[in-house]
Structure formats: C-alpha cells, structure tokens
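The structure appears right after this line, and notes come after that.
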Protein chains: 2
Amino acid sequence: MITFEEAVIRSNIIKAMAHPVRLLIIEYLKEGPQAFSEIFGLFDLDKSTVSKHLHVLKETGIVTSRKSGADMVYTLEVPCVTDFFGCVTAVIENNVRRQQVCLCKR
Amino acid sequence: MITFEEAVIRSNIIKAMAHPVRLLIIEYLKEGPQAFSEIFGLFDLDKSTVSKHLHVLKETGIVTSRKSGADMVYTLEVPCVTDFFGCVTAVIENNVRRQQVCLCKR
DNA sequence: TTGATTGTTGGTAAATGGGCCAATAGGTCA
DNA sequence: TGACCTATTGGCCCATTTACCAACAATCAA
C-alpha cells in the first residue's frame with residue numbers, strides 16, 4: 001500500500017488531467033510542441049481560460065513552455081500519460097459491456 | 001484527435017480517480033475484494049464519506065459491489081488502472097529531476 | 001516611442017466537490 | 001415480530017474549480 005501523502009501527490013497529478021479541455025490539450029501535444037495560438041484555436045473559450053488550463057498542466061510538470069519569437073510554445077513532457085488512456089478506454093468498454101447485459105435482462 | 005464528447009467521458013473516469021481516498025481504495029482493492037467495514041477502517045472519516053467515495057467509483061465502473069451476509073463487498077473491476085500509476089510516477093520523477101536542476105543552478 | 005499583437009494575471013460569480021451529522025433503508029438474528 | 005447492525009441517502013456548510021471580463025505585461029513593427 002502507498003501512504004496517504006503519496007496518494008495526495010498522485011491525485012494532484014491525476015486532477016490535472018481530469019478536465020476535458022486539458023485532456024484535449026494533452027492529445028494535441030502528442031503530435032509535437034504547439035504554439036499557444038494553435039491550442040487556443042481548438043476551443044471556443046476565452047484566451048485566459050485556455051491559458052489557465054495550460055498553467056495547471058505546467059504546474060504538475062506534464063507540459064513545459066518556452067518563448068519562440070512572438071509565440072509561446074508548449075511541449076508535452078511525459079508522453080506516457082497517453083498510455084494511460086488505454087486503461088480509461090478499458091473502463092469505458094467494460095461499462096458498455098455491463099450495460100448491454102443490463103439491457104438483455106430487461 | 002478525440003472529440004470533445006469523448007474527452008468529457010474520459011475526464012469523468014479520470015475524475016473518479018482524482019482523490020487521495022479513492023486512490024487508496026483502488027490500491028487496497030488490488031489485493032482482492034474487500035468488505036465495506038475493512039475499507040472504512042483504512043480512514044479516519046465518517047462512514048457516509050467513505051460510502052460516497054465508493055459510490056463515485058461504482059458509478060464510473062471502476063468497482064462493483066455485492067451483498068455478502070451482513071457485509072457489502074467491493075471488487076476492483078479494472079485492474080489496469082494500476083498500470084496507469086506507473087505513468088503518474090514517471091511524472092513525479094520527472095518533476096524531481098527538474099527541481100534538482102533548479103537547485104543546482106541556485 | 002507609439003501602436004498592435006500576444007499571453008498572463010486579478011477579480012468575481014456560478015457550479016462542483018467533499019466533509020459531517022441525522023435520518024433512512026435493508027439485512028440479520030434472537 | 002422487534003431489536004440491532006450495516007451501509008446509503010439527504011441536507012447543510014465550506015473550499016475549490018472554472019468560466020468570463022478587464023487590466024496588465026511583454027514583444028515586435030513601424
């Protein structure tokens with residue numbers, strides 16, 4: 001078993017991924033580093049909102065940023081986070097399977 | 001890229017894991033199904049609080065529950081969620097590495 | 001320097017999350 | 001049946017999150 005303190009640290013990192021906008025940003029950065037303006041263009045949100053989401057990802061060490069000319073470029077630092085989504089997909093598939101069983105029984 | 005709707009579904013599952021108590025419950029259930037009273041005993045929390053955390057895990061399909069005599073027994077349905085923590089650890093190690101660099105520069 | 005463009009920060013309101021207590025539901029067992 | 005035990009649900013309060021707008025900082029061009 002892990003300690004409670006360790007669980008707090010882990011949950012903070014997981015929390016950073018626990019938002020649809022931040023998930024999409026991570027997915028997008030899998031393709032390579034991207035400028036803020038490109039990331040911003042993915043969403044129908046205020047600039048400041050997207051900036052704050054990126055700040056959360058930076059704080060937890062999932063992405064980093066650097067200036068490049070006029071742009072701010074964001075880079076995914078931990079590519080393995082995407083492996084994890086395979087597990088999330090497994091959860092979803094498991095749910096679908098169980099729902100089908102429910103439907104059959106009715 | 002995934003759709004926004006898909007990202008919402010995924011983030012709901014990730015959210016279910018984004019709490020230290022729920023992480024510890026998942027860790028505990030890796031060892032096998034456990035009665036509510038055993039899970040409850042891990043924490044210094046109200047019964048109702050632990051019950052609500054388990055409810056969140058049930059809703060997302062991460063655990064299931066069944067009655068066994070007087071007890072309610074919880075089972076981890078998606079063992080792969082634990083693989084994912086390897087990635088979280090990678091994020092943590094990456095953070096430590098970068099912090100050390102910072103310390104060296106100062 | 002001035003003006004335009006780009007991204008961050010501060011403030012605030014609404015929504016969500018997490019804790020406890022009290023009440024309830026659903027079993028078990030004498 | 002009635003008393004008891006176990007887990008869940010409802011209600012409430014406080015803290016956090018997330019969105020927008022507005023103001024600010026920082027950079028590039030003229």
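In the text below, chain A, chain B and the rest are named by the order of the sequence lines, each starting its count at 1.
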(request) Please determine, for the side chain of B:Arg22, which listed nucleotide (C:dC20, D:dT18, C:dG18) has the closest atom? (result) C:dG18

(message) Between the side chains of B:Arg10 and A:Glu27, is the shortest nitrogen-to-carboxylate-oxygen separation below 4.0 Å, so that they form an ion pair?
(response) yes

(request) Take atom CE of B:Met72 and atom P of C:dT28, then tell me their distance rounded to the nearest Å. (result) 11 Å

(message) Nearest whole Å is fine: how far is C:dT5 P from A:Phe36 CZ?
(response) 16 Å

(message) Quick check on DNA chain D: between A:Thr49 and B:Asp71, whose nearest nucleotide comes earlier from the 5' end?
(response) B:Asp71

(request) Rounded to the nearest angstrom, tell me the gap between atom NE2 in B:His55 and atom C1' in D:dA7. (result) 13 Å

(request) Side-chain contact test, heavy atoms from C-beta onward, threshold under 4.5 Å: evaluate it for B:Met72 versus B:Ser65 and give yes or no. (result) yes

(request) Nearest whole angstrom, please: distance from the C1' of D:dA7 to the CG of B:Leu45. (result) 15 Å

(message) In whole Å, I'd like the distance from the CG atom of B:Leu57 to the P atom of C:dG18.
(response) 11 Å

(message) Let's test your reading of the model: under 3.5 Å, does the base of C:dG11 pair with the side chain of A:Lys52 as donor and acceptor?
(response) yes

(request) Report the residue (B:Lys15 or B:Ser48) whose heavy-atom-nearest nucleotide on DNA chain C is the more 5′ of the two. (result) B:Lys15

(request) Could you walk me through whether A:Val21 and B:Phe4 pass side chain to side chain contact (heavy atoms under 4.5 Å, CB included), step by step? (result) CA-CA 8 Å; A:Val21 168; B:Phe4 190 80; 4.1 Å; yes

(message) If I take atom NZ in residue B:Lys47 and atom P in nucleotide D:dT8, what distance separates them, rounded to the nearest angstrom?
(response) 10 Å

(request) For the side chain of B:Tyr74, starting at C-beta, report the closest nucleotide among D:dA19, D:dA7, D:dT8. (result) D:dT8

(request) For the pair B:Lys58 and B:Glu77, find out whether any cationic side-chain nitrogen is under 4.0 Å from an anionic carboxylate oxygen. (result) no

(request) Name the closest nucleotide to the A:Asp46 side chain, picking from D:dC21, C:dG18, C:dG19. (result) D:dC21

(message) Nearest heavy atom decides the nucleotide; on that basis, is A:Lys67 or B:Ser68 closer to the 5' end of DNA chain C?
(response) A:Lys67

(message) From NZ of B:Lys58 over to C1' of D:dT8, roughly how many Å is that when rounded to an integer?
(response) 9 Å

(request) Send over the distance from B:Glu59 CD to C:dT16 C1', rounded to a whole Å. (result) 14 Å

(message) D:dA19, OP1 or OP2 - any side-chain N/O from A:His53 closer than 4.0 Å?
(response) yes

(request) May I ask you to say what A:Ser37 touches in the nucleic acid, namely base, sugar-phosphate or nothing, with a heavy-atom cut-off under 4.0 Å? (result) sugar-phosphate

